[in-house]
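What follows is a set of notes on a single structure, which appears directly below.
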Amino acid sequence: MLKWRLIAHIFHKEVVEGLRGQVLKLAGQKNARNEVLRLLKQTGLHGMVVSRHSGAGYNVGYYYDDSDLASLAARRSSWALLEKVQQSARDARLEKYGVSLEDLYPVQLHSTSVTDAQAFATKHTGSVLSYLMLVFLCMLAYYPALNATVGERERGTLATLMTTPARARELVLGKYFGVVFFCAAGIMMYALEPALSALWFAPKFALRPLPNSWWQLVLPVSATIALVAALTICVGLIARRVTEGQAFLSLTMMFLLFPTVAAGLSDAQLTNTSALIPFFNTSLVMKYFMQNSLPQAPLLITAAVNFLLSLGMVTFAVNSLEGEYLAQPGVSDVLSLDRRILRRSNPALGLILFLFVIGASFYLNMILREQSIFLLIALTHVGVMFVLPWLAYRYFNLKWADAIPHAKAPASVYAGALLAALAMAVLMIALLPQSPLSKEMAEELARRFEGLGQSATGMLLMLLVLAILPGIFEELAFRGYLFTSLARGFSGVWTVVLTSLMFGANHFSLIRMLPTTLIGLVLGTVAWRTRSIFPTILFHVVYNSAVILVAGPIDGADGLPRYAVWAAAVVFALGFALLTQPWKRKTPESRLETPAPLRIAE
Amino acid sequence: MGAPAQETYSAEQHQPAATEVAIRAQNLARELAGVQAVKNITFEARFGSIVGLLGPNGAGKTTTLRILAGLLAPSQGTVEICGLRLPENQSAIKRQVGFLTSGMRLYDAFSPIESMAYFGSLHELERSALKHRIAQLVQDFGMQAFARKPFGKLSAGEKQRATIANTLVHDPRILILDEITLSLDVHSSAFILDFVRRERALGKCVIFSTHIMSEAEYLCDEIALIHGGQIIDRGSPPELIARYRGANLTAAFLSAVEQSGKAGLAACSSGD
C-alpha cells in the first residue's frame with residue numbers, strides 16, 4: 001500500500017535505521033517539481049523523499065501528488081515514519097549531549113488542523129475513551145473485592161475466618177493481593193488489544209506510539225491498581241451488605257469518571273501539583289503516554305501518592321478488622337446514601353454491557369474501516385449491539401424479556417414519534433454548524449457506495465444500513481438492556497442522562513457526540529415514559545432516514561428558510577408531547593420506580 | 001477405625017486440671033449501635049464444666065460470647081483465657097478456643113472435609129495430624145454420607161454438624177457455643193447436646209448459650225442468668241430452682257427477672 005522512494009545523499013547512520021527504500025540521485029536541482037512529478041507518474045510511486053546535507057544536520061523534503069488519492073493517503077503514514085526518524089535522531093543527539101527535552105523546549109507547541117472535522121473529533125474522543133476504559137476495567141476489581149470482604153461477611157464465613165489464629169493483617173493482605181492480581185490480569189488483557197493492533201496495524205495506521213521506556217507507564221498504572229484495590233477492600237470491609245458496597249462503589253466510579261474525562265479534554269498538564277490528585281494524575285500520565293513525552297518528577301510523585309494512599313487504606317482496613325469488625329458502621333451510616341439506591345441491585349451489569357458495546361465496536365471499526373463500511377456498520381449493529389449483550393445476559397442467566405422495555409403504547413405515541421423525528425431531523429440540519437451526517441462521512445459513504453444513492457435499490461440499501469439497522473439495534477442496546485440495567489441502580493433521570501452520554505460516546509467523535517447525546521436524551525425520556533422501545537425504534541429509523549434523504553439536497557442552515565425552522569420546532573414540541581404524554585400520570589408502580597426483579601431464565 | 005488411638009491423641013494434647021480456671025472475665029461492657037449491649041459482666045469458667053448463659057433474645061448473650069472469643073473488643077473490662085490476656089495474645093488464645101455462633105457458616109463450594117482441611121491449615125496444624133483429626137471428626141459426627149458434598153447442598157442438620165466439626169478441627173480446650181441448636185429438629189439437637197456432654201467428659205470447658213430452659217437444665221453445671229445485658233444471678237440449676245422456689249428452671253428464671261427488675265427500680269429511686 002505504501003510506496004515511496006528515498007532520493008538522497010547518504011543519511012547519517014542513526015537516521016537511516018528504519019528507512020529502507022531505493023536511493024536515487026536526483027539529476028540537478030532545477031525544475032525539481034516537474035522532475036519529481038514525472039518520476040512519480042512513471043514509476044507509480046506514491047511519494048518521494050529528498051534529503052540534503054545542511055550544516056550539522058539534514059534537510060528532508062517530502063514530495064507527493066495532490067491529485068492522486070493514493071498518494072494523499074500514503075503521505076500521512078510516510079510522514080509519521082519520517083517524524084519517527086526525526087525524533088529518534090533528535091533523541092540520540094540529546095542523549096549524546098545529556099540534555100533533556102524540557103531543557104530544550106521550555107515552550108511546548110501544539111497544532112491541530114480544524115479542516116477535517118472527523119479526524120479532529122476522533123483524536124479527542126479517542127483519547128477520552130482510553131481513560132474511560134481504564135476506569136471501567138478497574139471497576140472489575142470491585143467484584144472480587146466485595147466478594148472477598150462483605151460477601152464473606154454476608155455469608156457468615158468471615159466470622160469463621162476470624163476465629164482462626166490468622167491475624168487481621170494476614171487476612172486483609174491476602175484478600176488485597178488477590179484483588180491486585182485480578183486487576184493486573186485485567187489490565188494486561190486490556191493491553192493485549194492495543195499491543196496486537198500495534199503489531200498488525202501500526203505500520204498501516206501508526207495508531208499508538210511506543211513508550212520511551214516501559215516503566216513510565218507501568219509504574220503509575222500499578223500504583224493506580226494498588227489504589228483501586230485498596231479502595232474496594234476498604235469499602236468492602238465497612239459495608240454491611242454486598243448491595244451497599246456495590247451501590248457505593250458504582251457511584252464512586254461514576255464520580256471518578258469526571259477527573260479522568262477532564263484530564264483528557266482539558267489542557268491540564270502533568271505537573272508536580274496535578275500529580276498530587278489521585279486518578280486525575282493517572283489520566284494525565286495516559287495522556288502524556290499518548291504524546292510520547294513523560295516528565296520524570298511528576299511521574300514519580302504520581303506513583304508515590306497513589307502507593308501511599310493505598311498503604312493508608314490497607315492499614316485502615318486492617319485496623320477495622322482488628323477485633324472490631326462486627327461493630328463497624330455501614331457505609332450508609334457514614335455517608336447517608338440514598339436508601340432507594342441501596343435497595344436495588346446492580347447497575348454494574350449495564351456498565352459491563354457498555355464496555356462490550358464500546359470495546360467491540362471500536363475494535364471492529366479499526367479492522368473493517370478500510371475494508372467495507374457496509375460490513376462494518378452491519379456487523380457493529382447486529383453483532384456488537386445485539387449478539388454480544390445477549391450472550392452477556394445468557395451468561396448471567398437473566399431473562400431476555402426483562403432487559404427490553406416492551407409495554408404497549410397507544411397509536412398517538414407512534415404518531416408523535418413520526419412527527420418529532422421528522423422535525424428533529426430538520427432542526428438538526430438547520431441549527432448545527434456541521435450537518436448531523438458530517439460532510440466527510442457523507443462523501444466517504446458516497447465514494448464507498450459508488451453512486452448507490454442514484455439508483456432506487458442503492459438508496460434502499462443505504463437506508464437499510466444507515467437507518468433501519470441502527471434504528472433497531474441501537475435501541476435494543478441503549479434503550480433496551482443498558483437502560484434497564486442502569487435503572488436498577490440509578491434514578492430515572494440519571495438513567496436517561498447516563499444512557500444518552502453512552503449513546504453519544506459510542507459515535508466516536510466529539511462533533512457527532514453532541515447531537516447524538518441530545519437525541520439520546522429525547523429517546524431515553526420516551527423509553528422512560530412509555531416503558532417501551534418500539535416508539536423509540538420508529539423515531540430512530542425515521543430520524544436517520546430523514547437526515548440521509550434531506551442532508552443531500554439541503555446543505556446547512558443556509559438551505560432552509562427561517563420560518564421552516566420555527567415550524568419544525570413547533571412540530572417537534574407537538575410530537576414530543578404526544579410521545580411522552582405528560583398529562584397522563586403514570587401509576588405509582590412505574591417500571592423505573594420498581595424495576596422487575598431479574599428473573600433467572602429457565 | 002482407630003477410634004481409641006484418637007482418644008489418646010486428644011488426651012495427650014490436654015492434661016485437664018479440673019479446677020483450673022479457663023476463662024476469667026471482669027467488668028465487661030460494650031455498646032453496639034448506640035445501645036449498651038452488655039455491662040458489668042463478671043464471670044469465671046473452669047475446665048471440665050459446662051457453663052450456661054441463659055437469657056431471652058437480645059439479652060446480650062452473643063455479644064458477651066463474641067468478646068470472650070476475641071472477635072469484639074470490649075469498651076471496658078478485661079478477659080483472661082488460660083491465664084492469657086486479650087487482645088495481646090489473640091492468636092495464642094484463638095488456638096485454644098472453638099467459637100460457634102448461629103450466623104457462622106462455611107464456604108458453600110467446599111465440602112466439609114475441604115473446609116476442615118482449609119481451616120486446619122489456618123490453625124497451622126501439622127499435615128498428617130490434621131488428616132487424622134479430620135477422619136476422626138467425620139466418624140464422630142457421622143458425616144460419612146455427606147463429607148464430600150459441597151456445603152451449600154447439605155440439609156440444615158448436616159450443615160450444623162459440619163460447622164461444629166469444623167469448629168473442633170484444632171481440638172480446642174475451650175468451646176464457646178452460641179445457640180447452636182437453634183432451628184434444628186429434636187433428633188439433631190439431641191445429638192449435639194450429647195456431643196457437648198462428651199466434650200466435658202474430655203475435660204474441656206464449654207460455654208453454652210441458649211434461651212431453651214430444658215437444654216440448660218439438662219446440660220449445665222452452672223448457669224448465669226442474663227437479662228438486659230447484665231448477669232442477674234448465677235448458680236447450679238438445682239440451686240437456682242431452690243432459690244427462686246420454682247417448679248423448674250423456667251419458673252425460676254421468670255421470678256429472677258421480676259426480682260431484678262424490682263431491684264433495679266429501687267436502685268433508681270434511691271439514686272434520686
Side-chain angles (χ1 to χ4, degrees), chain A residues 143-178 236-242 244 315-336 339 342 397 600, chain B residues 30-35 37 62-63 65-75 79 86-110 115-116 118-125 151-152 159 162-163 166-170 172 175-176 178:
Chain A
Y143 289 87
L146 289 181
N147 193 42
T149 50
V150 67
E152 288 220 26
R153 172 173 302 170
E154 210 170 67
R155 293 189 296 271
T157 49
L158 190 64
T160 314
L161 272 179
M162 292 295 292
T163 62
T164 67
R167 292 178 171 277
R169 65 167 169 273
E170 290 166 347
L171 293 179
V172 170
L173 283 180
K175 291 169 188 307
Y176 176 66
F177 285 120
L237 282 174
I238 299 173
R240 283 174 303 199
R241 283 185 308 280
V242 174
E244 195 174 84
T315 314
F316 172 81
V318 171
N319 283 341
S320 81
L321 206 58
E322 199 83 61
E324 283 284 328
Y325 82 103
L326 286 167
Q328 279 299 308
V331 177
S332 58
D333 289 347
V334 181
L335 294 152
S336 61
R339 280 272 149 201
L342 299 185
N397 233 3
I600 307 293
Chain B
R30 172 77 206 205
E31 283 168 22
L32 285 180
V35 178
T62 302
T63 307
L65 296 184
R66 278 178 177 164
I67 293 174
L68 294 182
L71 294 192
L72 193 63
S75 48
V79 180
L86 268 175
E88 296 86 354
N89 304 298
Q90 260 197 43
S91 288
I93 287 173
K94 281 176 180 173
R95 276 177 230 278
Q96 306 289 333
V97 175
F99 174 56
L100 186 58
T101 178
S102 48
M104 268 164 65
R105 296 190 55 191
L106 304 180
Y107 293 98
D108 279 348
F110 283 9
S115 276
M116 285 189 278
Y118 174 61
F119 284 103
S121 70
L122 287 182
H123 280 286
E124 289 165 346
L125 298 185
F151 183 78
K159 274 182 181 166
T163 320
N166 188 71
T167 310
L168 296 175
V169 73
H170 56 296
L175 277 173
I176 301 180
D178 182 26

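What's counted below: heavy atoms across the whole structure, side chains too, no hydrogens, waters or symmetry copies. This structure is a prediction, so every number in the text was calculated from the model and none was measured. Below, chains carry the letters A, B, ... as their sequence lines are ordered, and counting in each starts from 1.
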So, taking the atom named [atom1] in [X] and the one named [atom2] in [Y], what distance separates them when rounded to the nearest 0.5 Å?
X	Y	atom1	atom2	answer
Y107(B)	E152(A)	OH	CD	3.0 Å
N166(B)	T163(A)	CG	OG1	7.5 Å
R66(B)	M162(A)	CZ	CE	11.0 Å

Grab the two heavy atoms, one from A159(A) and one from M104(B), that are nearest each other, plus how far apart they are.
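Minimum heavy-atom contact is CB-CG, 3.4 Å.
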
For E170(A), is it the side chain, the backbone, both, or neither that has a heavy atom closer than 4.5 Å to a heavy atom of chain B?
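Contact with chain B involves no heavy atom of E170(A) at all.
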
Is there a donor-acceptor pair under 3.5 Å between the side chain of T160(A) and the backbone N or O of R105(B)?
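Confirmed, T160(A) side chain pairs with R105(B) backbone.
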
